[in-house]
Peer 1: 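Quick one: structure below, then a few questions.
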Amino acid sequence: MAQAEDKGEENHVLLVAFSAQGHINPMLRLGKRLTAKGVHVALATTEIARHRILKSSSTDAKAAYLVAGIKLLFFSDGLSLDYDRKTNLDLYMDSLGKHGPSNLSALIKEHYTSPKKLLCLVTNPFVPWVSDVAAEYNIPCAMLWIQPCALYAIYYRCFNKLSAFPTLTDPDMVVELPGLPSMEKEDLPSFVLPNNPFGSFPKLFSELFRGMEKFKWVLGNSFYELEKHVIDSMCELYPIRPIGPLVPPTLLGLDQELEDASVDMWKSDETCIEWLTQQPPCSVVYVSFGSIVVLPAKQMEAIATALKNAKRPFLWVVKPPEFPTPDGAGQLPLGFLEETKDQGQVVRWSPQTRVLSHPAVACFITHCGWNSMLETICSGIPLIAYPQWTDQPTNAKLIVDVFKIGVRIKKEVDGNMSSEVIEKCIEEVMVGPMAEQLRKTAMALKAKARIAVQAGGSSDENIRLFVEEITSDSREKDDSPKVGNLSHEGQDKVRDKDV
Ligand SMILES: O=c1ccn([C@@H]2O[C@H](COP(=O)(O)OP(=O)(O)O)[C@@H](O)[C@H]2O)c(=O)[nH]1
Ligand SMILES: O=C(O[C@@H]1O[C@H](CO)[C@@H](O)[C@H](O)[C@H]1O)c1cc(O)c(O)c(O)c1
């Protein structure tokens with residue numbers, strides 16, 4: 001592999017992302033905002049991401065190495081490409097933590113004539129050990145927090161033991177935190193609950209949040225006007241500077257000035273856009289549970305029945321499971337396609353941001369992944385939340401009680417959802433005074449998101465400050481932590497612009 005990716009130029013930033021699409025794309029979009037301000041950017045992630053990008057036939061080989069001018073670099077997570085990472089999540093995270101640091105370090109040596117040319121490494125939360133690689137080369141490190149700032153605040157307080165959280169002896173306690181509504185156990189991220197089955201995540205987050213001084217800057221994929229109370233609540237602890245939403249520029253009205261940078265790991269079925277165009281305005285229920293969640297057969301059935309009974313046009317993304325199981329998880333009930341052929345469309349993967357901004361789409365039944373939520377906020381449509389794990393329960397709480405742009409499907413006692421409840425939620429967000437109010441609030445948030453990213457908006461200002469600081473940092477060789485004071489300054493500026 002040729003050396004010197006940096007071609008002798010100064011002002012480089014290396015972004016390092018976990019291999020998921022929903023982790024890489026916000027990083028790439030941050031990269032694009034940085035290049036717009038004169039910084040050279042590359043992104044490193046693991047080989048499995050390259051494999052998935054190449055497998056998605058919509059992406060040619062060149063696009064697996066260069067995305068909108070941002071070079072992609074790959075290192076090994078220590079596992080073979082056909083290893084079932086999803087089923088063996090803890091082993092996967094373990095292997096990544098064990099092999100990632102030395103492989104990333106070798107990648108830096110191989111690709112940069114001198115690591116000193118790197119102004120900074122920017123990591124995301126699932127690869128926190130990047131800060132140790134940065135320290136090895138004496139490069140400052142920043143983190144892009146890719147979930148709501150609320151999650152950052154919850155994890156910070158939980159893992160630094162600043163507030164009480166549910167335990168095995170008190171599993172039902174209500175959690176009270178500054179800047180957030182009271183949270184019951186179904187509103188908390190699954191990784192802080194005593195029954196969480198994935199031990200690797202509490203371990204990873206505990207190490208991350210107890211060693212935050214390794215990060216000179218914490219940036220957030222959110223915007224101040226969306227989460228001001230919880231962002232303010234972190235100012236005295238370890239501030240987070242919102243620089244988002246990091247969604248395609250078309251959703252923000254920025255497509256004239258900014259090219260999108262993103263990768264696809266699955267090929268979109270574009271026929272659904274033609275189908276949407278034939279539907280009446282504001283009539284279609286869009287349903288998707290993202291790239292990872294596979295719903296049990298019973299829940300697939302409940303959604304199918306609700307969609308049939310709601311008698312409204314629908315577009316449902318049913319992504320075939322990567323490792324199918326014999327219990328029918330993630331599969332449509334028999335006969336459903338035939339029964340609903342005149343009512344709706346089912347696709348394996350949709351061009352989601354084009355779908356959400358299509359005038360025919362009325363609402364979105366979602367698992368509440370943060371990327372999907374930001375895309376929906378920027379499209380100004382209401383949501384129906386059916387969260388599964390990780391940040392999603394808290395994201396659902398934010399949708400209903402903080403952003404006030406949607407409703408949540410309440411689970412039955414057995415943990416499943418009933419088709420009647422889903423159908424009722426669809427009606428609530430489609431017709432009547434509540435639907436009207438939700439739509440109004442959603443449209444107002446969309447407008448605020450656009451203002452935040454425009455020149456001089458709160459997020460744009462935070463990016464400008466960040467670039468100013470990483471460049472002046474390298475000139476002055478100043479190693480003092482930047483995270484506290486400057487973030488306060490940034491936040492003050494942002495507050496003045498509150499809309
Ligand atoms: O049919 C689909 C479903 C999802 N997505 C995209 O996949 C990402 C999903 O990220 P999110 O954080 O919402 O959930 P995850 O898939 O990571 O659980 C979002 O950018 C969606 O626009 C898509 O393009 N087509
Ligand atoms: O966390 C994983 O993916 C998603 O990331 C989003 C941004 O953090 C989040 O909002 C959403 O709820 C998550 O589903 C993820 C992805 C993956 O491929 C994997 O192997 C994981 O262990 C987690």
Side-chain angles (χ1 to χ4, degrees), residues 17-29 45-46 48-49 52 56 58 77 79 83-96 124-127 144-148 150-152 155 189-191 197-198 200-201 204-205 220-222 244-248 250-251 260 262-270 272-273 286-294 315-320 322-323 345-357 364-379 383 385-396 398:
F18 181 68
S19 58
Q21 176 167 326
H23 291 217
I24 294 173
N25 286 346
M27 295 290 274
L28 283 172
R29 293 187 178 117
T45 185
T46 54
I48 184 71
R52 288 190 186 132
S56 138
S58 61
D77 60 15
L79 297 169
Y83 184 76
D84 179 357
R85 288 165 176 74
K86 192 165 175 244
T87 308
N88 305 295
L89 205 45
D90 282 341
L91 282 172
Y92 170 30
M93 296 311 288
D94 242 35
S95 178
L96 179 60
N124 70 18
F126 283 20
V127 281
L144 173 65
W145 182 255
I146 51 168
Q147 295 177 355
L151 272 291
Y152 173 77
Y155 286 133
S190 58
F191 298 150
F198 303 107
S200 53
F201 289 100
L204 184 136
F205 282 150
N221 184 13
S222 186
L246 298 166
V247 296
T250 41
L251 288 187
D260 190 29
S262 61
V263 292
D264 293 310
M265 293 192 179
W266 298 278
K267 186 176 162 38
S268 299
D269 183 340
E270 303 288 326
C272 63
I273 299 292
Y286 175 56
V287 189
S288 165
F289 290 84
S291 59
I292 304 148
V293 165
V294 178
L315 173 60
W316 187 1
V317 178
V318 180
K319 180 174 172 285
E322 208 173 330
F323 297 92
Q345 260 228 342
V346 174
V347 293
R348 294 157 82 97
W349 191 250
S350 81
Q352 180 163 297
T353 52
R354 289 178 64 205
V355 168
L356 289 172
S357 55
F364 181 13
I365 304 185
T366 171
H367 70 309
C368 305
W370 187 233
N371 294 289
S372 295
M373 278 183 56
L374 285 176
E375 291 158 7
T376 314
I377 287 170
C378 295
S379 305
L383 297 127
Y386 192 66
Q388 302 296 306
W389 71 314
T390 172
D391 56 336
Q392 296 155 18
T394 315
N395 299 351
L398 296 173

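One-based numbering, in listed order, for ligands and for the atoms of each.
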Peer 1: Measure from atom 15 (P) of ligand 1 to every heavy atom in P351, S291, G22 and give the option owning the shortest one.
Peer 2: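 Answer by nearest heavy atom: S291.
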Peer 1: Side chain, backbone, both or neither: which part of W266 has a heavy atom under 4.0 Å from ligand 1?
Peer 2: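 No part of W266 is near ligand 1 at this cut-off.
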Peer 1: Would you tell me whether D90 and S200 have side-chain atoms, one donor and one acceptor, within less than 3.5 Å of each other?
Peer 2: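 Yes, side-chain donor-acceptor contact under 3.5 Å.
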Peer 1: Just need the protein heavy atom nearest to atom 9 (C) of ligand 1, so name the residue and atom and give the distance.
Peer 2: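 Sorting protein heavy atoms by distance from atom 9 (C) of ligand 1 puts S372 OG, 4.0 Å first.
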Peer 1: For atom 13 (C) of ligand 2, find the nearest protein heavy atom and state the residue, atom name and distance (0.1 Å precision).
Peer 2: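 Ranked first by proximity to atom 13 (C) of ligand 2 is Q392 NE2, 4.0 Å.
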Peer 1: Give the atoms of ligand 1, by number and element, whose distance to some non-hydrogen atom of V317 is under 4.0 Å.
Peer 2: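 By the 4.0 Å cutoff, the relevant atoms are 1 (O).
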Peer 1: For atom 18 (O) of ligand 2, what's the nearest protein heavy-atom neighbour? Residue, atom name and distance, please.
Peer 2: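 So the nearest neighbour among protein heavy atoms is A20 CB, 3.5 Å.
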Peer 1: Who gets closest to atom 22 (O) of ligand 1 by heavy atom: E375, H23, Q392?
Peer 2: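 Result: the heavy atom closest to atom 22 (O) of ligand 1 is in E375.
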Peer 1: Who's the nearest protein heavy-atom neighbour of atom 15 (C) of ligand 2, and how far?
Peer 2: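 Checking every protein heavy atom, the shortest distance to atom 15 (C) of ligand 2 gives I292 CD1, 3.5 Å.
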Peer 1: Non-hydrogen atoms of M373 versus ligand 1: any pair closer than 4.0 Å?
Peer 2: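 Per 4.0 Å heavy-atom rule, M373 does not contact ligand 1.
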Peer 1: Would you say the side-chain atoms of Y83 and S95 include a donor-acceptor pair closer than 3.5 Å?
Peer 2: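 On atom types as modelled, these side chains do not qualify, holding no pair under 3.5 Å.
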Peer 1: Is it the case that the side chains of N395 and D391 hold a donor-acceptor pair, with the cut-off being a distance below 3.5 Å and no angle test?
Peer 2: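 Side-chain D/A pair, D391 to N395: present.
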Peer 1: What protein heavy atom sits nearest atom 12 (O) of ligand 1, and how far away is it?
Peer 2: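 It is N371 ND2, 2.8 Å.
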Peer 1: Tell me whether F18 reaches ligand 2 (any heavy atom closer than 4.0 angstrom to a ligand atom).
Peer 2: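 It does; at least one heavy atom falls under 4.0 Å.
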Peer 1: Among all protein heavy atoms, pick out the one at the shortest distance from atom 25 (N) of ligand 1; state its residue, atom name and that distance to 0.1 Å.
Peer 2: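 For atom 25 (N) of ligand 1, the nearest protein heavy atom is S350 O, 2.7 Å.
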Peer 1: With heavy atoms of Q147 as the reference, note each atom of ligand 2 found under 4.0 Å away.
Peer 2: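 Answer for ligand 2: 8 (O).
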Peer 1: Provide, to 0.1 Å, the distance between atom 18 (O) of ligand 1 and the closest protein heavy atom, together with that atom's residue and name.
Peer 2: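 Here the closest protein heavy atom is H367 NE2, 3.0 Å.
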Peer 1: From atom 5 (O) of ligand 2, work out which of M373, H23, M265 has a heavy atom at the shortest distance.
Peer 2: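 It is H23 whose heavy atom sits nearest to atom 5 (O) of ligand 2.
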Peer 1: Less than 4.0 Å is my threshold; does some heavy atom of S288 fall inside it relative to ligand 1?
Peer 2: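 It does; at least one heavy atom falls under 4.0 Å.
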Peer 1: What I want to check is whether the side chains of Y286 and T376 have a donor and an acceptor closer together than 3.5 Å.
Peer 2: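 Checked: Y286/T376 side chains show no N/O donor-acceptor pair below 3.5 Å.
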Peer 1: Can you tell me the protein heavy atom closest to atom 23 (C) of ligand 1 and the distance?
Peer 2: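 So the nearest neighbour among protein heavy atoms is W349 CZ2, 3.2 Å.
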